[in-house]
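Computed from a prediction, not measured in an experiment: that's the story for all the values here.
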Amino acid sequence: MGIKARPARNTTLMELSSELPAVVLSSLLGLHISRAEKWTKETGSTRVDYAAELSRRQAFRPST
């Protein structure tokens with residue numbers, strides 16, 4: 001069919017790398033941490049605010 005998997009994979013990795021810190025990306029996808037850090041740096045996202053953002057999401061979670 002002519003569908004190339006590598007460009008789609010790389011696009012997906014770039015998107016995830018811009019939204020997640022390297023350690024989370026590594027854990028979720030089974031990537032070596034150095035490879036996950038490379039992807040994160042390539043997107044220009046250090047995600048230093050990730051923990052604060054996650055904390056805010058959990059703080060606003062309605063209690064059951």
Side-chain angles (χ1 to χ4, degrees):
M1 299 194 121
I3 299 172
K4 307 245 187 244
R6 173 81 51 180
R9 175 187 175 274
N10 290 349
T11 300
T12 302
L13 280 170
M14 292 293 277
E15 179 65 27
L16 287 172
S17 297
S18 69
E19 296 180 15
L20 299 172
V23 68
V24 174
L25 188 65
S26 173
S27 177
L28 287 175
L29 301 180
L31 297 172
H32 192 276
I33 188 66
S34 64
R35 179 60 61 183
E37 287 172 349
K38 178 184 177 283
W39 279 103
T40 303
K41 287 177 185 174
E42 282 190 23
T43 63
S45 174
T46 58
R47 298 299 296 167
V48 294
D49 60 337
Y50 180 78
E53 184 179 322
L54 186 60
S55 177
R56 279 193 301 272
R57 280 190 234 155
Q58 291 175 351
F60 292 115
R61 186 179 296 165
S63 59
T64 55

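Not a single donor-acceptor pair under 3.5 Å links the side chain of S26 to the backbone N or O of A22. With hydrogens and angles disregarded, no donor-acceptor distance shorter than 3.5 Å links the side chain of S27 to the backbone of V24.
Residues that satisfy the salt bridge (charged side-chain N to carboxylate O under 4.0 Å, His left out) test with K38, not counting sequence neighbours, are E42. Residues meeting the side chain to side chain donor-acceptor pair (under 3.5 Å) test with S34, sequence neighbours left out: H32.
Checked options L29, I33, L28; the residue passing with L31 is L29 (criterion: side chain to side chain contact (heavy atoms under 4.5 Å, CB included)).
Rounding to the nearest 0.5 Å places CH2 of W39 at 4.0 Å from CG of N10. Distance check: M14 CE to T40 OG1 gives 10.0 Å after rounding to the nearest 0.5 Å.
Crowding of R6 atom CZ: a count of heavy atoms from other residues, nucleotides or ligands under 6.0 Å not exceeding 12.
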